[in-house]
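Working notes for the structure below.
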Amino acid sequence: MKIVVGDRNLFPHRELFESRLPDGASVSWHPVFGEQAVIADLPDADVYAGGKFTAAMAAAAGRLRLIHVAGAGYDNVSLSDVSSTTQVANTFHHEGSIAEYIVATAILLRRGFLTQDAALRQGIWATSVYDDTIDQPRTLRDARIGFVGFGHIGAQSWSVLRALGATGCAVTGSGSVDADEHGLAWVGDTGALARLLDESDVVVVSAPLNERTRGMIGRDELTRIGSAGVLINVGRGPLIDEHALYQALSDNVIAAAAVDVWYDYPSPDGVGRPSELPFSELPNLVMTPHSSGVTRDTFVGRVGDITDNITRLADGEKLLRVVYPRG
């Protein structure tokens, strides 16, 4: 069995990955993704592990039996070009790391620490202790957290935020999450989005990106969050209209945001602007390079899932977390 790995996040765990493979398996590593190099390696491959799989890669992969995404999202896999005899599976393990990011940025922004840091670097002590025009900030106790999407990330984040005394609500595609089971005030489908935005002090976006969710939060939705509201996007950039978000932050339509997912992504060397708009000039924004889930804990867990499925494939057993073909 030949396995081609095209995800550099797995490379630091090469020894662990190879130690968990079935006997006779060989691995071809591509620590920096290059489409042509990967294509040249695919004709005799049984498994491809990586986040991106293009039509050209599919055309070259004549005997491929498994594409294993090294994460939850598979929107960069060209499913329409994948053979019906090839299974596509995903993995998670990022929810704990992303929960830390959500809680950290919610506190940072709601308490005004980002603004205080910038001011103190200029010698200004920007706190109500010295400036009567500055309000005393509020903690997350009794804050309403609104989750747009409530899967692995939402549930893990809520378990921490709930312990801090927050209240919560959520909207999902189906609205089928049990509110009582999770200790949420209410859960609705996306038709309840306006209500969630009206009620929430912190809005956490972790919904999947698809035709129905692209641009689901635009100017009107951001206005509903309000001038004291905080927005955190850990889902996908295009869930939120790019220009509307920039304008809402620039005009203080919302108080602040943390954005970990973007509209443009860099070349393999990691250099490139995340948007055509000057988000970097905004003082009320935490910008991170899609790194909220990138921890050792995340990828050790993913190595376990991927190699477990490879072993299942070798043994003729049913694979776990198959997203294609469905059913």
Side-chain angles (χ1 to χ4, degrees), residues 71-77 79 90 94-95 98 101-102 105-106 109 144-158 161 168-177 179 182 184-251 253-265 274-277 279 282 285-288 290 292-293 323:
Y74 50 93
D75 44 301
N76 285 323
V77 176
L79 293 178
N90 68 348
H94 57 301
E95 53 269 23
I98 297 178
Y101 176 92
I102 290 169
T105 54
L109 296 173
R144 173 57 60 92
I145 314 297
F147 293 93
V148 181
F150 196 80
H152 290 74
I153 295 170
Q156 184 70 39
S157 304
W158 173 233
L161 291 161
C169 59
V171 297
T172 68
S174 64
S176 60
V177 172
H182 291 280
L184 294 165
W186 59 267
V187 175
D189 62 21
T190 51
L193 178 60
R195 177 188 172 188
L196 179 143
L197 299 174
D198 285 341
E199 292 183 5
S200 298
D201 300 296
V202 178
V203 176
V204 177
V205 181
S206 62
L209 179 64
N210 54 47
E211 292 179 358
R212 299 185 306 278
T213 60
R214 184 179 293 272
M216 68 186 301
I217 297 177
R219 182 184 63 182
D220 292 345
E221 288 76 21
L222 291 165
T223 299
R224 287 183 177 275
I225 295 174
S227 59
V230 169
L231 175 70
I232 301 171
N233 189 7
V234 292
R236 287 290 186 266
L239 292 167
I240 303 173
D241 181 88
E242 182 177 7
H243 287 80
L245 177 59
Y246 175 80
Q247 207 61 49
L249 288 165
S250 182
D251 295 344
V253 171
I254 63 175
V259 177
D260 189 49
V261 286
W262 291 96
Y263 305 95
D264 297 313
Y265 276 76
S275 169
E276 64 179 14
L277 301 174
F279 279 96
L282 298 173
L285 173 65
V286 172
M287 301 175 65
T288 48
H290 206 150
S292 63
V323 296

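Values below: every heavy atom of this structure, side chains too, minus hydrogens, waters and symmetry copies.
Of the candidates Trp262, Tyr265, Tyr101, His290 forms a ring-ring contact (aromatic ring centres under 6.0 Å, His included) with just one, namely Tyr265. When each of Leu231, Asp241, Val203 is checked for a side chain to side chain contact (heavy atoms under 4.5 Å, CB included) with Leu222, only Leu231 meets the rule. Remark: of the listed residues Leu184, Val171, Val204, Leu184 is the sole one forming a side chain to side chain contact (heavy atoms under 4.5 Å, CB included) with Phe150.
Distance check, rounded to the nearest 0.5 Å: CG of Leu161 to CD1 of Ile102 gives 7.5 Å. Within the model, atoms OG of Ser206 and CD1 of Ile153 stand 5.0 Å from one another, a figure rounded to the nearest 0.5 Å. Summarising the geometry, atom CD1 belonging to Ile254 is positioned 9.0 Å from atom CG belonging to Leu285; distances are rounded to the nearest 0.5 Å. Taking CD1 of Ile240 as the start and CG of Asn233 as the end, the distance is 4.0 Å to the nearest 0.5 Å. One distance of note links CG of Leu282 with CG of Leu277; it measures 9.5 Å at 0.5 Å rounding. Note that CG of Leu197 and CD1 of Ile217 are 6.0 Å apart. Values are rounded to the nearest 0.5 Å.
For Leu193 against Glu221, the heavy-atom pair with the smallest separation is CD2-CG, 4.2 Å.
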Step by step, work out the salt bridge (Lys or Arg N to Asp or Glu O under 4.0 Å) result for Arg144 and Asp201. CA-CA 5 Å; Arg144 173 57 60 92; Asp201 300 296; over 6 Å; no
Would you sort out whether Glu276 and His243 count as a side chain to side chain contact (heavy atoms under 4.5 Å, CB included), showing the intermediate values? CA-CA 10 Å; Glu276 64 179 14; His243 287 80; 3.2 Å; yes
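Between Leu109 and Val202, the closest side-chain pair of non-hydrogen atoms is not below 4.5 Å. Using a 4.5 Å heavy-atom cutoff, the side chains of Leu209 and Pro238 are in contact.
Without hydrogens or angle criteria, Thr213 side chain to Pro208 main chain gives a donor-acceptor distance under 3.5 Å. One N or O on the side chain of Asn210 and one on the backbone of Arg212 form a donor-acceptor pair closer than 3.5 Å. Asp260 contributes a side-chain N or O that, together with a main-chain N or O of Ser292, makes up a donor-acceptor pair within less than 3.5 Å. Between the side chain of Gln247 and the backbone N or O of Ala244 there is no donor-acceptor pair closer than 3.5 Å.
Side chain to side chain, Asp220 and Thr223 fail the donor-acceptor criterion of an N or O pair below 3.5 Å. Under 3.5 Å, the side chains of Trp186 and Glu199 contain a donor-acceptor pair of N or O atoms. There is no side-chain donor-acceptor pair under 3.5 Å between Ser275 and Tyr246.
Between Phe279 and Tyr263, the two ring planes are parallel [angle under 30°; tilted spans 30° to 60°].
The pair Arg236-Asp75 meets the salt-bridge criterion, with a side-chain N (NZ, NE, NH1 or NH2) lying under 4.0 Å from an Asp/Glu carboxylate O.
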